[in-house]
Visitor: 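Sending over a structure as C-alpha cells; questions will come in a sec.
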Amino acid sequence: MAQAIAKSDYTGAAHAPTKPTFGLFARPTAKTGLVGWLTTVDHKKIGMLYGGFAILFFLVGGIEALMIRTQLIVPNNRFVSAQLYNELFTMHGTTMIFLAVMPLNAAFFNLLIPIQVGARDVAFPRLNSFSLWVWVVGAILLNVGWISHFVPAWDFGGAPDVGWFGYSPLTSKQFTPDLSTDFWVLGIQLLGLSSIVASLNFIVTIINMRAPGLTMMRLPVFTWMALVTSFLLVLALPAIAIALVEVMFDRNFGTNFFEVSGGGQPILWQHLFWVFGHPEVYILILPPMGYVSEILPTFSRKPLFGYPIVVFSGVAIGFIGFGVWSHHMFTTGLGTIATAAFALATMAIAVPTGVKVFNWIGTLWGGRIVTRVPMMFALGFIWMFMMGGFTGIMHSAAPADAQQQDSYFVIAHFHYVLIGGATFALLAAIHFWFPKFFGRMVPEFWGKVSFWLIFVGFNATFFPMHFLGLNGMPRRTWTYDANMGWNEGNLFATIGAYLLGVGIFTYFAVLVWSFFKGKPAGNDPWDARTLEWSIPSPPPEHNFASIPKVHARDAWWYEKTHQDEIASEKAELMKAEEAHGGIHMPDQSWYPLFAAAGLLIGAYNFAQLKHPVLILGNQVLSSHLPLALAGLGILVLACYLWSLEGPGGYHIHLDAKGNATESRGGYHH
Amino acid sequence: MSAPATSSPAAGHVEPSKFHFYIQVAMILSVVTGIEVVLVYLPLPKWFVVTALVTLSAGKFMAVIFYFMHLRWDKVFCTILFFIGLILAGGTMWALLHLFGAEASKPISSIVGLLVF
Amino acid sequence: MSSHAATGAIDHHHDHTTATGIPNKKLLWWAFLASDCMFFGTLISTHLVYRLNPPPGNAVPTEIFNIELTSFSTFILLMSSLLMALAVNAIQRGNVKSTRLMLLGTMFFGCIFLGGQVFEFTHFVFVKKMTLSNSIFGSTFFTLTGTHGTHVAIGVLLLGMMYVRTFKPTSGNGLLRNFAHLGAVCVTMGVSFIWFVPGMIEVIYGLPLGEFLSHHAVPLSVGVAAFIAVLWFGRTAGPVEFGEKNAGDIEAIGLYWHFVDIVWIIIFTAVYLLEYL
Amino acid sequence: MAQRTPLMPPLLHMTRLRSASRPILRLIAALTGGFALLLLTGCSKLHQVFSLSGPQSTMVTAGPVASRQWDLFMVTVWVCTFIFIVVGSVLAYAQIKFRAKTEADEHAAPPAEAGHGNPFVEIGLIAGSVILLVFIAIPTVRDIWYTHDVPEDEKAGAIEVTATGYQWWFKFDYPSELVKLPNGGEAPLSTGNELVVPANTAVRVQLRTVDVIHSFWIPKLAGKVDMMPNRGNFLWFKADKPGYYYGQCAEYCGESHAIMKFRVIALSAADYIKWLDNQKLSARTVTAQSLAADAAITHVRFASLKDTGPNSTLAGSPDFDADPFAAWKKMQDHDAGENAALITAGRKNFSDKTCITCHTVRGHEGIGIAGPELTHVGARSSIAAGVLENTPERLHQWIKDPAYFKPGNKMYHGGYIDVATGQPKFTLSDSEIDTLVAYLHSLK
Ligand code: HEA
Ligand code: HEA
Ligand code: CUA
Ligand SMILES: [Cu+2]
C-alpha cells in the first residue's frame, strides 16, 4: 500500500515546500480557457485535443476522397486537373494515415491508458504535451502548401504531390523542384518525432505505472495493444526518419543517396520506407484490435476468450510485421529468392491474425450479445477486416500480386483493412467511450442509422474496386478512357462514397448533438469491465480518489461483484493517501508549447532554406537560414527552461463527499 | 517484468564504489581496440580477420552496455528492452545487406551515362 | 532530505514507487536507446549497401582515411565513457565535487573526439577532395559519421547542462547566473572542438605552434576567457541543491553517452577497419 | 473465489432500443441495402460493375505468364473463400444464436471463470490455418520461378527488346534488329509507344528508365515489373496468338502518370518479319511521282469521332474499339488521298517548327531523341503514348495543344514554350498543323 501512495509522487522527491529558484514564466495554473488548454499536461485534455484535431483532419481527408471520387465518376472527367488530383490523393493518404487514424489512436492512448493502468497521469506529463504540439506543427507543415492554390504569391507549388510513400527519384529536386515536397519531408519527420516521443512515454507509463495488483497479464487487451503499438512506433519510425533525412540532404545539400547520376539507388528509399511502412499498417490496426477486444466482451457479457493468446498474437503480429516489408516491392525486381522469402513471411502473418479473429468469435460464443452501436461497429469490424485480410493474403502470392500491385485491387484491400478495420473500430470506440469522457449518451437510433449508412456506403464504394483492379485499372489515375470497361464500377463506387460521406456526416453530427443534448450517462452506462468505468463521467482531473488495487483481469467487473470487500479497501487507501499529503498532481507548463513553436519556426524556414525571404514582394533576407536557426534557438531555450522548471506539482484533497480542494505547497523538483 | 508493485525488496543499499573495476574495464577495452587496429595489417586470412573484428567489437559493445551502462546490475527488463531494438536493427541490417548483395540487385550505374540524353 | 534518508541510503537501481522497480527515467532512456539502434542501424545499412556495390568513380576509402587519428579518437571516446561511468559512480556516493570533475572530463574528451572529427572532415574535404556531393561514399560517410558526431555534440550539451545544474543554489533566483555559467561552458567546449583540438592536431602533424595561435587568436582567446569564467563560476558556488538524489539524472545522461560510444565501436569496425582488408 | 452477487444494474438508463425504434431501424437498414441493389440493377448494368472483360482485364488472359498469375490468384480466392465461408458461418451463427433476447440477458452477470481459451481449439485452428496457407504457398513459390524468366527450353527462340520509360511515354528498342543510319553506322531499331512482337514467341523485355520509376504492365500478357533507375530489371511474356493488347504505366511517375499508356501488337511470324522489314526502311518520302506509283492501295481510315469538343471522350472510334487489331493492320496501309504538296510542306514545317530537335525521322531531317521516334509514326494506331487514336483529327488536336491532353507534357513544356521564360518558341497555325498531320501520316 505504501508503494501505491508513494506512486502519486513518482519522483520520490521531498515534499517540503521550497522556494522557486528558476522561472522565466509564472507556471500556468488555469484549468480552463485558452491558457488552460494550451498548457495542459492532463492526459485527458491532451487526448481530447488529439481527438478533436484528428476528427477535423478525418473530415478534411474525407473531403479530399470525395473530390477524388467525383473526378472519377465518369471517364475523361475534368473536374480537377491532373496536378490537383495528384495532390489530392497524396494528401488524402497522408492525411488519413498520419493526421486522422494515428492521432485518433493517440487520443485513445491518452484518454485510456493512464486510467486503465490505474494511474493519475502518464509518466512524463509535460513530454506528453510536447508530443501533441509537435504533432500539430507537423500537421501544419504538411498542409501549408494548400495556401498557394488560394494565394499564388505563396509560391509553395501546391500541396505535396509525390504519393503517400513518396518514391524517389520523384522526390528529387529535378522532378519536384517546388517547396511542397520539402514541406512533406519535414512534416512527416515531425509527425514521426511526435509519435516516438509519445510512444516512449506510453511504454514507460504502461510498464511502470501499473496499479498494485495489475500484473502484465491482467492488463486490458487495449492497453497491451497500445504497448505493442508503441514499440512498433519507436522501432519503425527511425527507418523513415533516416530516409527522410537522406531525401532532405539530397534535395538541399547535394548528396547522392537517391540521385542516380551520383550512383544512388532509388530502390533503397523503398526499402527504408517500407521497413517503416509495413509496421505502420499494424500500428494502425493493433489499437483498433484493442478497442474491439474491449467492446466485444462487454457486450457479450463474457470475458475475452483466450486472453493470453490474444495478447501473444498481438505481440507476434508486431514482431513478424518487421520482416515482411518487401511485399510492397514484389514488382521491383528483387529476384526469386527474396520474393519467395517475403511472400512466405507475409502469409505467416495470417496465423496470429486469425488467432485473434477466432478468439473474438470465441468471445461471442455462448455469450449474450447486446447489439448496441459500439457492438455493431465492432462486429462490422470483424467482417470487414476479415475481407481486407483475405485480399492481403491474395497480395502475398507474389506472382498474382504482379497483376494487382498498384491497381485498384490494392486500393480495395487497404480500404477494407483501414476503413472496414481501423476506422470501424475507431467509430466503435468513439461511441463506446464518448459517455465516459463527455458524460452524455449518444442516441442509439441515430447511431444505428449512421452505422447502416456507413456499412452499406463503404461496401458500395470499395467492393467494386476489387473488380476494377482485376479489370486492369491502375491506381493514382487522374482520369481514364471510356472504353476500358471501368465506367460503371467507378460510377457505382462514387455513389457509394457519397453515401459513405452521408453516413460519416451523420455519425459526427449526432456526436455534436449529443455533446450538448445527450442524456446524462452515469459512471458505467454499458455495465463494462475496465477501470475507467469505475470513476465518474467525465473523469475528475485526478482520475481516482484512491489508486485502485487490482484483483482480477476484468478489474471493474470484479469490483462490482465484490462490493463490500472493495469498499473497505478503498476507504483505507483514501485515508492513507490523505495522510500522505493528498493526491499529487503535476503542474502545467508553457515550455512544451514553446518548444513546439520553436520547431514550427525552425522547420517552416528550414524547408525553404535556400529561398530568399520576401515580405510584400521585397527581399529582406537572402536565405531562410537565420530564421531557421532562430527556431532552433527557441527550441533549445525552451527545452532548457523546461528542464530547469522541474515537474512541479500540487495536491488535491478530497473531503468525505468527494469534493476536491487544491493545495499548492510549493514547487518540487 | 510483470512483477507487480506489491512486492517490496529489501531496503536500499549503499552503492559500492566501482572505481577500480571501471578502470580495469576501460583498460581492457583500449587493449582490444589496439588489437583490432593491428589485426587488419597482419597477413591473416580475410575470413579470420573479419570474424575476429566482428567478435572483438561485439565484445567491446557488450562490455560497455553491461558494465558501464549497468545492465548487468539492473533489472533484466532493461536488457530485454534494449535487445528488442538491437536485434531488430541487426536483423534489418542483415536483411538489407543480403537484399542488396543479391545478383538481381547489381546496380547498372556504369551504363547509366549512356541512357541519359 | 527526503523520506528515503530515513531508511538509510538510496537504492539507485530500483525505484519502489514504480511497478517494475525500474525508475521511469531509466526506462525511458533504455527504450529510447532501443529506438536509436534502429536509427543507426538504418544509417549504417545505407552506408554498407553502397559499399557493397560502389558505383564507378566512387572515392576509395583507404586512400582517404587516416586510421591512426581515428584509432586515437576511438580510444578517447572509450576513455570518456570511463569518466562518465566514474561520474555516475561519484554521484551515487554523494560526491558532488568529484562528479563535476568527471563531467568536465567527459565533456572535454567528447570535445577531443569532436575536434578529431572536425579535423577529419576538413581534411577530407579540402585535402582529399571528398565532399558530401561528389561521391556516394562522401554522402553516406559524412552523413553517418556526422549524425554520430551530432549525437556526441548533443551529449556534450546535455552534460554541460547537467554540470551547470550541479550548481543550482538551494534558494534564490539564480537563473541569470545559471545562463551565464552555461554560456561559458558552451563557449569553452565550442572553441575547444572547433578551433583548439583540430588546431592541436595540425600542430602534431607539423604546423608551427605560433602560426596556429596567431591564426586563431580571436576564438582561442575567447575560449580562454570562457574557460576562466567556468572556473570562476565553479569556485564561487554556495550550498547547492544537488546530490545523491540526482544520481538518476546523471545516470540517464550516462546511458546516452555510453550508447554513443558503442555506436562508434560499431562504426569504427564496420566503416573504417573493414575497409583495410 | 469470493462470494458472487449479481451485477449491479447500470447506474443510469441505457438508451433502450428494444421497443419502438427497432422496426424503423430494420427498415432503414433494408432501405440502404436495397438502395444499393436498386442502383446496381437500376442502371441495368449490374454485371458491368463487376465486369472483368475490359481490354486490360487480368482474367481474360492471352499468354502463359498472365494465365499462371490468374490461376494462382484463383487458388488464393478459393482458399480464402473457403475460410470465409467457414469462419463467416460460425460468426454469423454466433451472432444470431447468442444475441441477448431479454432485458435480463443484457445485464447478465459474466461467468465466473470461463472463456480463458481452449488450447486444443486454438492449436487446431492454428494448424488448420497453416495447412491452408500451404495450399497457397506451394503454387506461389513455383510460379515465382516460372514468371521470373523465360523457361530454359524457350530461351533459344526468345526475342529480346528493351523498353525505356520516359515521363510520360515508352521507347522500345530491338537490340538484335539493326538499321542502317543515313549517315553511316548502325543502330538498333527503335519505335515508340507501340511494341510489336511475334506471337507464340517468348519475349524478354529489358526494363530501363531515363528519369523516375515507371512500371511496364500489359495485364493480358503479364503482370508488371517496375522500371527502376539504376537497376537492370526485366520481364518476359508470350502472346498465345496474334492480337492487340493494352498496356499502361503502373507506377506513379508524376503529373501525367494516369495517361502513360502503350500497346503491344503481336503478329504472326510472317507478319512480324514483314513489319520488321518495313520498319527498317528509312522514312517514306512522298512525292507526286511516288504517289502515282502506288496508286492501287486500299485506303482505310478509322471512323472519325463524333464529338471533338474539349470535354469529349477520348476513347477510340467504334471501329477501333470493336477490333483494334484490324484497325492497326489497316493503319499499315497508305492513307487515302495523300497530297504530295501538303506532305512536302509538312516536312518543311517539321524542321521550321523545331520538331526535328526532339524527334527522329530516320532518313529525313529529324534527329532529336527527347521524344518518340517518328520514322513510321503514320503506321501506329495511337499517339501520345496510347492516349489518342491516330486519326488526322486527333493528331491535329495533339499538335495544336499537347498540354491539354497530357498535362506537364515535355513536348509543350520545353518544346513549344521556353520553360525558363514561359515564352512560346514559335507559332503554329491550323493550316500549318494540317501540313504536319499530312506529313506525319505519310510516314508509314
Ligand atoms: C490496417 C492496415 C493494414 C492491415 C492490417 C493489412 C494487413 C495485411 N496486408 Fe496490407 N496493406 C495496407 C494496409 C494493411 N494491410 C496498405 C495501406 C497497403 C497499401 C500501401 C500502398 O501501396 O499505398 C497494403 C498493401 C499490401 C500489400 C502490397 C500490395 C501491393 O502493393 O502489391 C500486401 C502484399 O502482400 C499486403 C498484405 C497484407 C497481409 C497479408 C495482411 C495480413 O495482416 C492480413 C491478415 C488477416 C487475415 C488473413 C484475415 C483473418 C484471418 C483468418 C480468418 C485466419 C485464416 C486465414 C488464412 C489462413 C488465410 N498488403
Ligand atoms: C485510414 C486511411 C484511409 C481512409 C479512412 C480512407 C477513406 C477513403 N478513401 Fe482512401 N486512401 C488511403 C487511406 C484512406 N482512405 C490511402 C493511404 C490511399 C493511397 C494514397 C496514395 O496513393 O498515395 C488512399 C487512396 C484512395 C483512393 C485512390 C486514389 C488513387 O489512387 O487515384 C480512393 C479512390 O476512390 C480513395 C477513396 C476513399 C474514400 C471514398 C474514403 C472514404 O471512406 C472517406 C469517408 C469520409 C468522408 C466522405 C468524409 C465525410 C464528411 C463529410 C461529407 C462532411 C462534410 C463536412 C462538411 C461539409 C463540413 N482513397
Ligand atoms: Cu510512368 Cu507512371
Ligand atoms: Cu505491408
Side-chain angles (χ1 to χ4, degrees), chain A residues 76 82 163 169-170 260 265-266 301 303 305-306 309 331-333 336 339-340 343 347 351 354 358 361 364-365 367-370 390 394 397-400 402-403 406 444-445 448 452 456 460 464 467 470-472 474 476-478 481-485 488-489 492 522-524 527 560-562, chain D residues 2 4 7 10-12 15 17 21 25 29 32-33 36 45 48-52 54 56-58 69 72-73 76 80 91 94 98-100 105-106 108 110 115 117 122 125 129 133 140-141 143-145 147-148 212 219 223-226 228-230 233 250 252 255 258 313-315 321 407:
Chain A
N76 292 314
L170 199 58
V260 181
Q265 296 190 45
R301 321 251 12 99
F305 187 80
I309 194 164
T331 61
T332 56
T336 43
T339 305
M347 289 175 196
V351 177
F358 301 145
I361 299 179
L364 299 174
W365 197 268
R368 294 180 182 80
I369 301 169
V370 186
F390 288 139
M394 297 176 193
Q403 291 283 22
D406 264 327
E444 280 285 306
F445 176 80
K448 289 194 175 164
W452 283 113
V456 173
F467 294 85
L470 295 175
N471 207 8
R476 296 172 168 185
T477 44
W478 157 61
D481 254 354
N483 64 341
M484 304 304 285
E488 289 76 14
F492 194 74
N523 289 1
D524 186 16
D527 195 357
K560 282 190 276 191
T561 48
H562 299 76
Chain D
R4 292 184 41 81
L7 270 191
L11 293 181
L12 269 169
T15 324
L17 247 206
S21 53
L25 264 176
T32 40
K45 285 184 174 170
Q48 288 291 6
V49 174
F50 306 110
S51 139
L52 286 181
Q56 282 183 195
S57 166
T58 58
Q69 287 164 333
L72 174 63
F73 173 68
T76 67
C80 289
L91 175 55
F98 299 111
R99 65 180 195 279
D105 269 358
E106 299 194 3
E122 307 275 7
L125 287 169
S129 308
L133 285 173
T140 298
V141 173
D143 288 353
I144 288 173
W145 264 266
T147 55
H148 178 67
V212 300
K224 64 191 74 63
V225 173
D226 296 349
M228 300 285 300
N230 216 348
N233 282 354
Y252 175 59
E255 199 165 355
T313 158
L314 302 179
D321 280 349

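Residue numbering restarts at 1 for every chain, and letters A, B, ... go by the order of the sequence lines.
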Visitor: Check whether any side-chain heavy atom of Tyr252(D) lies under 4.5 Å from a side-chain heavy atom of Pro474(A), and answer yes or no.
Guide: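 Of all side-chain heavy-atom pairs linking Pro474(A) with Tyr252(D), none is under 4.5 Å.
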Visitor: Can you tell me how far apart CZ (Phe492(A)) and CZ (Phe50(D)) are? Round to the nearest 0.5 Å.
Guide: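 Phe492(A) atom CZ to Phe50(D) atom CZ measures 6.0 Å (nearest 0.5 Å).
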Visitor: Just by distance, with hydrogens left out, do Thr331(A) and Asp226(D) show a side-chain donor and acceptor under 3.5 Å apart?
Guide: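 Yes, Asp226(D) and Thr331(A) have a side-chain donor paired with an acceptor closer than 3.5 Å.
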Visitor: Give, for atom CG of Leu364(A) and atom CZ of Phe98(D), the distance between the pair rounded to the nearest 0.5 Å.
Guide: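 Reported to 0.5 Å precision, the distance equals 9.0 Å.
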Visitor: So which of Ile309(A), Leu470(A), Val351(A), Ile361(A) has the largest heavy-atom pair count under 4.5 angstrom toward chain D?
Guide: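 Sorted descending by pairs with chain D, the first entry is Leu470(A).
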Visitor: I'd like to know if the side chain of Gln56(D) reaches the main chain of Met484(A), judged simply by a donor and an acceptor atom lying under 3.5 Å from each other, with no hydrogens or angles considered.
Guide: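 Side chain of Gln56(D) to backbone of Met484(A): no pair is present.
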Visitor: Which atom names give the shortest non-hydrogen contact between Leu52(D) and Phe467(A), and what distance separates them?
Guide: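 Nearest pair, atom of Leu52(D) first, then Phe467(A): CD2-O, 3.6 Å.
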Visitor: If every non-hydrogen atom of Ser129(D) is compared with every non-hydrogen atom of Phe358(A), which pair is closest and at what distance?
Guide: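 Scanning both residues, the minimum pair turns out to be OG-CE1, 3.8 Å.
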Visitor: I need the Trp365(A) CH2 to Leu91(D) CG distance, nearest 0.5 Å.
Guide: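 Trp365(A) CH2 to Leu91(D) CG: 10.5 Å, rounded to 0.5 Å.
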Visitor: Could you report the tightest heavy-atom contact between Ala258(D) and Arg476(A), atom names first, then the distance?
Guide: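 Ala258(D) and Arg476(A) have their closest heavy atoms at CB-O, 4.2 Å.
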Visitor: Quick one: what part of Val225(D) sits under 4.5 Å from any heavy atom of chain A, side chain, backbone, both or neither?
Guide: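 Both parts, backbone and side chain.
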Visitor: Heavy-atom distance under 4.5 Å to chain A: side chain of Asp143(D), backbone, both or neither?
Guide: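 For Asp143(D), heavy atoms of backbone and side chain both lie under 4.5 Å from chain A.
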Visitor: Grab the two heavy atoms, one from Lys224(D) and one from Ala402(A), that are nearest each other, plus how far apart they are.
Guide: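 Smallest interatomic distance, heavy atoms only, reads NZ-O, 2.8 Å.
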Visitor: Name the option with the most non-hydrogen atom pairs under 4.5 Å to chain A; the candidates are Thr76(D), Val212(D), Leu133(D), Thr147(D).
Guide: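 Heavy-atom pair counts peak at Val212(D).
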Visitor: Any idea which heavy atoms bring Val370(A) and Ala100(D) closest together, and the distance?
Guide: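 Taking Val370(A) first and Ala100(D) second, the nearest heavy atoms are CG2-CB, 4.0 Å.
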Visitor: Which atoms form the tightest heavy-atom contact between Thr140(D) and Ala398(A), and what is the distance?
Guide: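 Thr140(D) and Ala398(A) have their closest heavy atoms at CG2-N, 3.7 Å.
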Visitor: Which residue out of Gln265(A), Met347(A), Arg368(A) racks up the most heavy-atom pairs below 4.5 Å with chain D?
Guide: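 Looking at each option in turn, the highest pair count goes to Arg368(A).
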Visitor: Side chains of Asn471(A) and Ser51(D): is there a donor and an acceptor less than 3.5 Å apart?
Guide: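 Yes.
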Visitor: What residue in Pro399(A), Ala400(A), Pro266(A) has the most heavy-atom pairs under 4.5 Å with chain D?
Guide: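 Sorted descending by pairs with chain D, the first entry is Pro399(A).
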Visitor: Give a yes or no answer on whether the side chain of Asn233(D) reaches the backbone of Thr332(A) with a donor-acceptor pair at less than 3.5 Å.
Guide: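 Here the side-chain-to-backbone pair exists.
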Visitor: In terms of heavy-atom pairs under 4.5 Å with chain D, which of Gly333(A), Gly485(A), Ala82(A) leads?
Guide: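 Looking at each option in turn, the highest pair count goes to Gly333(A).
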Visitor: Using only atom types and a distance under 3.5 Å, with no angle test, would you say the side chain of Thr58(D) pairs donor to acceptor with the backbone of Gln403(A)?
Guide: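 No: the side chain of Thr58(D) does not pair with the backbone of Gln403(A).
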